[in-house]
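All of these numbers come straight from a predicted model, not from anything done at the bench. All chains are named by letter (A, B, ...) in the order of the sequence lines, taking the proteins before the strands, and each is independently numbered beginning at 1.
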Amino acid sequence: AQSVTQPDIHITVSEGASLELRCNYSYGATPYLFWYVQSPGQGLQLLLKYFSGDTLVQGIKGFEAEFKRSQSSFNLRKPSVHWSDAAEYFCAVVPLGNNNDMRFGAGTRLTVKP
Amino acid sequence: ETGVTQTPRHLVMGMTNKKSLKCEQHLGHNAMYWYKQSAKKPLELMFVYNFKEQTENNSVPSRFSPECPNSSHLFLHLHTLQPEDSALYLCASSQWGGPQETQYFGPGTRLLVL
C-alpha cells in the first residue's frame, strides 16, 4: 500500500547535538518529497522540498535532507539543534500525477534538552 | 495582515449546533485547501479549491460543507458534528500549478465537539 512513514514518534536531543529525523515512503514511482515543521499553536511551515536533481537539499533554519532512492528515504538532518527547534516535524509526499493530493506522515515530535 | 489567517482559533460546539470556520489568504494565491489534524493520526486532506472550483473531496462526510466565494476566502460549514470530529482544522493556500507550488498554512482552528 502507498504510504509515508515516520518511524519515530518522539525524539529527544540535547541542545547543540546533531539531529536526524527519518522518513520512508512506499510508492511505485518516486513522489515529490517535503518536510514541514509545526510549532505549538502554529500552522505548518515548509522546511524544504525535493523534486529532482541534487539529492542533498538545503532548507531553511539550517536544515537539510537527503533523498536516497535505494532506501526510499528522505531523512531530515541538522548538525546542531537549537532549543527553538522543538516542534513537530512532518514528512509529506505528493504522488506523481496527483498534484494536489499531499500525504503526510504521522509526525515526529522533537524535544530539545538544555 | 499577512499570510493565511483562520477564525476562530478555538471553537466548542454541541452536536446539534451549526458553525462555520473561516480562512482568508493574503498571498494572491488561487488554490485553497482544508486539512484535518486529529490526535495520533496523519494530517488528512479534506477539500481542494482551484479558482473557486472544488477539485478534490476526499470522501468527507456531508456534515462538512465547504464554500469558496472567491480565491481569497474559504469557509467550512459544520452541522450535526460528532465527537470524533474534534480536531485541529488547518487551511492552506498556494498557487495552482502542481506540487512545486508551496502550500502556506494558517494556524488552524481547534474544534471540540461535545
Side-chain angles (χ1 to χ4, degrees), chain A residues 1-10 21 23-27 29-53 57 59-60 63 67 74 87-109, chain B residues 1-10 21 23-25 27 29-51 53-60 87-110:
Chain A
Q2 297 181 330
S3 66
V4 53
T5 304
Q6 294 180 248
D8 305 304
I9 296 173
H10 184 203
L21 302 182
C23 174
N24 294 94
Y25 61 88
S26 175
Y27 287 84
T30 300
Y32 302 108
L33 300 160
F34 306 79
W35 274 100
Y36 281 86
V37 61
Q38 185 179 32
S39 299
Q42 303 293 317
L44 278 69
Q45 181 183 23
L46 180 69
L47 288 174
L48 44 80
K49 57 188 176 184
Y50 175 77
F51 296 149
S52 64
V57 182
I60 62 171
F63 285 93
F67 167 63
F74 188 56
E88 186 107 24
Y89 291 80
F90 294 93
C91 180
V93 306
V94 173
L96 290 184
N98 291 338
N99 283 346
N100 298 97
D101 191 3
M102 184 170 283
R103 315 277 179 87
F104 286 82
T108 297
R109 185 159 60 91
Chain B
E1 278 193 85
T2 58
V4 182
T5 59
Q6 290 187 243
T7 55
R9 292 294 305 276
H10 301 272
L21 310 185
C23 175
E24 185 172 0
Q25 60 94 3
L27 301 169
H29 291 159
N30 47 35
M32 297 188 77
Y33 312 78
W34 278 118
Y35 287 88
K36 177 182 179 182
Q37 187 176 26
S38 305
K40 301 181 180 178
K41 286 180 68 176
L43 210 67
E44 302 169 68
L45 178 65
M46 300 174 72
F47 300 105
V48 180
Y49 276 83
N50 166 28
F51 291 101
E53 299 296 322
Q54 188 179 129
T55 61
E56 195 90 26
N57 175 345
N58 281 349
S59 304
V60 179
L88 181 68
Y89 289 86
L90 292 165
C91 173
S93 72
S94 75
Q95 285 299 118
W96 183 263
Q100 69 273 17
E101 302 295 346
T102 299
Q103 291 188 27
Y104 293 83
F105 285 79
T109 294
R110 176 74 60 187

| said: Report which part of Leu43(B) has an atom under 4.5 Å of a heavy atom belonging to chain A: side chain, backbone, both, or neither. | reply: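 Both backbone and side chain.
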
| task | Identify, with sequence neighbours excluded, every residue that meets side-chain contact (heavy atoms from CB on, under 4.5 Å) alongside Arg110(B). | result |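 Arg110(B): side-chain contact (heavy atoms from CB on, under 4.5 Å) contacts with His10(B), Leu88(B).
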
Any chance you could measure [X], atom [atom1], to [Y], atom [atom2], to the nearest 0.5 Å?
| X | Y | atom1 | atom2 | answer |
| --- | --- | --- | --- | --- |
| Gln95(B) | Tyr104(B) | CD | OH | 9.5 Å |
| Gln103(B) | Leu90(B) | CD | CG | 11.0 Å |
| Gln6(A) | Leu21(A) | CD | CG | 7.5 Å |
| Cys23(A) | Tyr89(A) | SG | OH | 15.0 Å |

| message | Heavy-atom pairs under 4.5 Å with chain A - which of Ser94(B), Pro42(B), Gly108(B) has more of them than the others? | response | Pro42(B)

| said: Please rank Glu101(B), Gln6(B), Gln37(B) by heavy-atom pairs under 4.5 Å with chain A and give me the top one. | reply: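 When all of Glu101(B), Gln6(B), Gln37(B) are compared, Gln37(B) has the most.
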
| task | Using ring pair (Phe, Tyr, Trp, His ring centres under 6.0 Å) as the criterion, list what pairs up with Tyr35(B), not counting sequence neighbours. | result | Phe104(A), Phe105(B)

| remark: For residues 30-38 of chain A against chain B, heavy atoms under 4.5 Å, the residues are Tyr32(A), Phe34(A), Tyr36(A), Gln38(A)

| query | Is a donor on one side and an acceptor on the other found under 3.5 Å between the side chain of Thr109(B) and the backbone of Pro8(B)? | reply |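 Yes, because the side chain of Thr109(B) sits within donor-acceptor range (under 3.5 Å) of the backbone of Pro8(B).
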
| remark: Residues at least two apart in sequence or cross-chain that pass salt bridge (Lys or Arg N to Asp or Glu O under 4.0 Å) with Glu44(B), listed by chain then number, are Lys41(B)

| said: With a 4.5 angstrom heavy-atom cut-off, is it the side chain or the backbone of Leu44(A) that approaches chain B, or both, or neither? | reply: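 Both parts, heavy atoms under 4.5 Å.
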
| field | Options Gly107(A), Gly41(A), Ala92(A), ranked by heavy-atom pairs under 4.5 Å with chain B, top entry | value |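 Result: the option with the highest number of such pairs is Gly41(A).
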
